[in-house]
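All remarks here apply to the structure that follows.
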Amino acid sequence: MPELPEVETIKRGLEAHLLGKKITQICVHHPKVVRQPSLKKFKEGLAGATIKNILRKAKVLIIEFSNGRAVTIHLKMTGQLIYPGGREGSRLSFCFSDGTCLDYFDQRLFGELRLVDDWRQVAFIKGLGPEPFAMNPAQFKEMLARKKTKIKPLLMDQRFICGIGNLYAAEALFRARINPGVSAASLSDKKKGVLFKEMVATLREAILHQGSSVDNYVRLDGTPGGYVDFHQVYARAGKPCRVCKTKVKRISLGGRGTYFCPRCQKAP
DNA sequence: AATGGGACCTGCGCGC
DNA sequence: TGCGCGCAGGTCCCAT
């Protein structure tokens, strides 16, 4: 599942390869992936456009074109961007004037592409909380102070803080030795500080290793990211905790699989 | 306000 | 063997 580190990795790949490319054609193999506007307008609006800039906001990729418009791409669970493309089975392909193409794959069809005049006005993006890298510990502590909700679902709430999903929430909480079910406001000032530090460090390290290839996340060139080897708890139910050897536990929290070490992350 | 559940999707692994 | 079921989870939406 692409979260901030995975999307950032793809963003860097796009930046390295696609700036200045001119679109000649859009091949849509599954209409559902284009959410906005109509398929016809999507194609027409992109014909002849040149890629000017690549951005990431939370888990959303933004491709800005020289005509002022932008394509936003949310990979959700199983979206993949591959360049250079050409393999069978893509849901949509951007074809460029140099003969190469950027392919969008998406097994479960959760992902979505939009062509917009101003990506800043996209509702989801407007509603995003701050990027973890754009915050300081004091700000994070202040934000937690007013929240009685459970810490893990809160970290995953994109309106609260953006870019973190199920995997990195679990990893950050393990590293901070915080039980995923405790209320945010109940954390001591010190613990809040530790959580902020570990959350940022986890994301940074994951970016360094080009993301976690669980499910079907791959880098732009189709190769996997290497951070899975560093996971402490995520998808490790029943396996020994890397710190204390206690079996990692899986519970359901906020309707999501939640992995933690019952000893290292003891509930108070 | 916070929480829980369902919907969207498809492939895979499990138990019977 | 083959089949049905649960699960995977980001986001939206609705009910409580």
Side-chain angles (χ1 to χ4, degrees), chain A residues 1-11 28-36 56-62 72-81 88-92 104-114 116 119 121-129 131-132 143-173 180-187 203 206 211-218 224-225 227-228 231 233-239 248-260:
Chain A
M1 65 286 328
E3 300 179 24
L4 189 155
E6 289 75 31
V7 180
E8 177 64 22
T9 302
I10 295 168
K11 181 236 168 191
V28 181
H29 303 114
H30 201 302
K32 191 178 177 295
V33 301
V34 175
R35 296 299 160 87
Q36 183 193 336
R56 176 193 62 75
K57 292 285 162 197
K59 305 171 192 172
V60 183
L61 285 163
I62 300 160
T72 65
I73 304 174
H74 199 313
L75 303 170
K76 299 278 179 83
M77 299 294 302
T78 54
Q80 298 174 326
L81 283 170
E88 276 293 292
S90 79
R91 303 300 197 179
L92 184 147
Y104 176 74
F105 292 85
D106 192 350
Q107 182 183 93
R108 287 182 227 176
L109 292 168
F110 274 27
E112 53 181 63
L113 284 75
R114 295 170 195 268
V116 296
W119 59 263
Q121 295 306 313
V122 173
F124 176 71
I125 294 176
K126 269 176 106 167
L128 288 171
E131 292 271 339
M143 281 167 63
L144 286 185
R146 286 168 281 125
K147 292 288 184 178
K148 287 179 184 158
T149 174
K150 291 183 172 77
I151 187 64
K152 189 196 171 229
L154 185 63
L155 289 181
M156 293 168 63
D157 182 347
Q158 302 300 299
R159 288 159 306 175
F160 177 74
I161 182 169
C162 76
I164 297 172
N166 204 30
L167 194 162
Y168 292 105
E171 293 298 317
L173 288 168
V182 302
S183 96
S186 77
L187 294 170
L203 295 171
S212 300
S213 282
V214 292
D215 280 343
N216 49 8
Y217 159 72
V218 288
Y227 195 65
V228 192
H231 291 180
V233 288
Y234 184 78
R236 295 193 66 247
K239 294 184 178 159
V248 172
K249 211 171 160 186
R250 179 192 179 276
I251 59 168
S252 182
L253 208 62
R256 292 294 168 239
T258 298
Y259 302 89
F260 70 106

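Chain A is the first sequence line, chain B the second, and so forth, proteins listed ahead of strands; every chain is numbered from 1. Excluded from the calculations below are hydrogen atoms, water molecules and symmetry mates; all remaining heavy atoms, backbone and side chain alike, are included. Everything numeric in this text was worked out from a predicted model, so none of it was measured.
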Using a 4.0 Å heavy-atom cut-off across all strands, classify Arg159(A) as base, sugar-phosphate, or nothing. nothing
Could you tell me how far apart Tyr234(A) (OH) and dG10(C) (C1') are, to the nearest whole angstrom? 12 Å
Separation of Tyr217(A) atom OH from dA8(C) atom C1', in whole Å? 19 Å
For Met77(A) and dT11(C), give me the distance from atom CE to atom P, rounded to whole Å. 10 Å
Positive for side chain to side chain contact (heavy atoms under 4.5 Å, CB included) with Ile62(A), one of Arg114(A), Lys57(A), Lys11(A), Arg56(A): Lys57(A)
Nearest to the side chain of Thr149(A) - dA2(B), dG10(C), dA8(C)? dA2(B)
Any side-chain N or O of Lys76(A) below 4.0 angstrom from OP1/OP2 of dC8(B)? no
Can you check the Asn216(A) CG to dC7(C) P distance for me, whole Å? 20 Å
Per the atom types in the model, does the base of dG10(C) pair as donor or acceptor with the side chain of Arg256(A) at under 3.5 Å? yes
Tell me the interatomic distance from Met156(A), atom CE, to dT3(B), atom P, rounded to whole angstroms. 14 Å
Compute the centroid of each ring, for His74(A) and then for Phe124(A), and state whether the two points are separated by less than 6.0 Å. yes
Could you let me know what dT1(C) is paired to, Watson-Crick or G-U wobble, both distances under 3.5 Å, or none if it's on its own? none
Run the side-chain contact (heavy atoms from CB on, under 4.5 Å) test on His30(A) and Leu92(A) for me, step by step, so that the C-alpha distance in whole Å, both residues' side-chain angles and the decisive distance to 0.1 Å come before the verdict. CA-CA 7 Å; His30(A) 201 302; Leu92(A) 184 147; over 6 Å; no
Between Arg108(A) and Ile164(A), which residue's closest nucleotide on DNA chain C lies nearer the 5′ terminus? Arg108(A)
Can you see which heavy atom on Pro2(A) is nearest to which on Lys76(A), and at what distance? CD-O, 3.1 Å
Tell me the closest heavy-atom pair linking Thr9(A) and Gly211(A), and the distance in Å. OG1-N, 4.0 Å
Please figure out whether Gly255(A) or Lys147(A) has its closest DNA chain B nucleotide nearer the 5' end. Lys147(A)
Nearest whole Å is fine: how far is dA1(B) P from Leu154(A) CG? 16 Å
Using a cut-off of strictly less than 4.0 Å, decide whether Lys32(A) has a side-chain nitrogen or oxygen near OP1 or OP2 of dC9(B). yes
Nearest-Å distance for atom pair CD/C1', residues Gln107(A) and dA8(C): 10 Å
Is the shortest side-chain N/O distance from Gln158(A) to OP1 or OP2 of dT11(C) below 4.0 Å? yes
Looking at His74(A), does any N or O in its side chain come under 4.0 Å of the phosphate oxygens OP1/OP2 on dT11(C)? yes
Under-4.0 Å side-chain N/O to phosphate OP1/OP2 contact, Thr78(A) with dC9(B): no
Starting at atom CG of Leu109(A), determine the distance to atom P of dT10(B), rounded to an integer number of angstrom. 6 Å
